[in-house]
Protein chains: 2
Amino acid sequence: MTLSSYTNEDKVLLAVDCIIFGFDSEELKLLLVKRGFEPEKGKWSLIGGFLKKEENLDIAAARVLHHLTGLHDIYMEQLYTHSKVDRDPADRTLSVAYYALIDIAKHDKELIKQNSAQWFPLKKAPELIFDHNEMVKRAMARLKRRALSKPIGFELLPEKFTMRQLQKLYEAILGKKLDKRNFISKFNSFDILIKLDEKDMSSSKKGAFLFKFDEEKYSRKVEDGFNFKI
Amino acid sequence: MTLSSYTNEDKVLLAVDCIIFGFDSEELKLLLVKRGFEPEKGKWSLIGGFLKKEENLDIAAARVLHHLTGLHDIYMEQLYTHSKVDRDPADRTLSVAYYALIDIAKHDKELIKQNSAQWFPLKKAPELIFDHNEMVKRAMARLKRRALSKPIGFELLPEKFTMRQLQKLYEAILGKKLDKRNFISKFNSFDILIKLDEKDMSSSKKGAFLFKFDEEKYSRKVEDGFNFKI
DNA sequence: TAAAAAAAGTGTTTATTAAACACTTAAAGA
DNA sequence: TCTTTAAGTGTTTAATAAACACTTTTTTTA
């Protein structure tokens, strides 16, 4: 077989942009950077970078995220490829949006400061460059959808968490208040949490039991086709 | 503001590949082409083409589809961007998968013959080149998901259809038998069908009433946030 | 040291939705 | 006129979702 090459076709620049979500026990946050180069220098932006020849997109997105936060092995998912012809005034560039869920306590605070990055509550995030606002909107919609069908939220929580934190997180993602008793009994029916003997004393006098996610039970249930619909 | 250009970054070829679904009253079908050039010449493939500098992806996908079928204004949706480094042995190429839903009766039969394209029942489709099998799998999953949350199926049916055809379509998409009475009462509860005075006599002696989709009512319900969950 | 405050924890009832189920009707063809 | 074939039509039961309020524990304060 002869390998011909597609010599007469147009080539384009391909960027990846990451919508990085965090959660601080109260609200969802977004990690943004102040752009250090033209065009749109000084404005807020998602973190991004260009795909290199020897990478696939997942690798490129992980590299970009690692570069900003120092974190490895982060939950990321490809969202959508944005291609409006004039989306970047500097050059014909397409961008593949990825979203990432990280435990807000874990990233390298020095590193993000060096990169002039900053956490913003989702509702108070500034206007972003190019089509980044649309990317965030899409990411939010996907996150909501995922949260309703699998227990994705654990990526955003510390290893040990209280039921209240878990509920607050779901409330933040879904954008509505949930009933405490219904939420807990729903979640208990999944049977994927381990109740610890420890209590978290930071938010009440009585203290609240800590739980952790039982990855093993979870994987088994996924294999069995269990439905985690909230 | 000075527009700098990203001069040192790698550029890549970007293809679009279309998963084209049709429905023939019995089963879902896929429109495939026999590839006329190397690499993998003579094997079956999704239809595809390269993104041109002056197009966005939606336009490119529509162009590719129109070129094969002669059809305009087809329901298409971007699915996923495939980026494995060696996915195309000829050149470093990424591909954005789109899926399309068309009324199998409408396309230009001559044109597809000229392009050595052919309809295959989904279950009897041949092995495809590159990562096209994976693309089809993803498309099928998306179609299933969409069918459960909005009445997407009308794109696959002729303008007038019987309730039986509609049910068969959903059965084909969801991959399971549905109860006739439950299906009809569910669909009636959406209140987006117009019952015509005509009957289709082709499949029974009694004849079955024809219906058509009420786009106007549907749009109003979408605006009101109505949930079309099957 | 008793009362107030503050969040944790815990079940039951009711409403809604989904699933299971079978006979009658209409018309053509033998 | 009897047989055949698919169309058409409601009700009952099961499962899931939603609504709902009081008790417990411990610290702080009067």
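Every chain is numbered from 1 and lettered A, B, ... according to where its sequence line falls, protein lines coming before strand lines. Remember, it's a predicted structure, so these values are computed and weren't measured experimentally.
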d(CD1, A:I184; C1', D:dA17) in whole Å: 17 Å

Looking at B:K206 and D:dA7, is any side-chain donor or acceptor paired with a base atom of the opposite kind under 3.5 Å? yes

Using the benzene-type ring in the case of Trp, are the ring centres of B:F211 and B:F161 under 6.0 Å apart? no

Whole-Å distance, A:N188 CG to C:dG11 P, equals 11 Å

Select base, sugar-phosphate, or nothing to describe what A:S203 touches, counting heavy atoms under 4.0 Å on all strands. sugar-phosphate

In whole Å, I'd like the distance from the CZ atom of A:F187 to the P atom of D:dA17. 14 Å

Hey, which of these two, A:R181 or B:M163, hits DNA chain D nearer its 5' end, going by closest nucleotide? B:M163

If I take atom CZ in residue B:F161 and atom P in nucleotide D:dA7, what distance separates them, rounded to the nearest angstrom? 15 Å

Taking only N and O in the side chain of B:R164, is any of them less than 4.0 Å away from OP1 or OP2 of D:dA7? yes

Are the charged groups of B:E27 and B:K123 less than 4.0 angstrom apart, N to O? no

Send over the distance from A:M201 CE to C:dA6 C1', rounded to a whole Å. 12 Å

Can you tell me the distance, in whole Å, between the CZ atom of B:F226 and the C1' atom of C:dT17? 13 Å

Just checking A:K180: base, sugar-phosphate only, or nothing, at a heavy-atom cut-off of under 4.0 Å? base

Result for 5'-nearest mapping on DNA chain C, choosing between A:K195 and B:I230, is A:K195

So, are A:K160 and A:E198 salt-bridged, with charged N and O less than 4.0 Å apart? yes

d(B:L68 CG, B:N115 CG) to nearest 0.5 Å is 5.0 Å

Just the rounded figure in Å: distance from C1' of C:dA18 to CG of B:D179. 11 Å

Would you mind classifying the nucleic acid contact of A:K229 as base, sugar-phosphate or nothing, using non-hydrogen atoms under 4.0 angstrom? sugar-phosphate

Go through the N and O atoms of the side chain of B:K205 and the base of D:dT5, and report whether any donor-acceptor pair is under 3.5 Å. no

Nearest-nucleotide 5' precedence on DNA chain C, A:F209 against B:G207: A:F209

Within 45° of the ring axis of A:F209 and under 6.0 Å from its six-membered ring centre, is that where the NZ or CZ of A:K199 lies? yes

Measure from CG on B:N227 to P on C:dT17 and round the result to the nearest Å. 10 Å

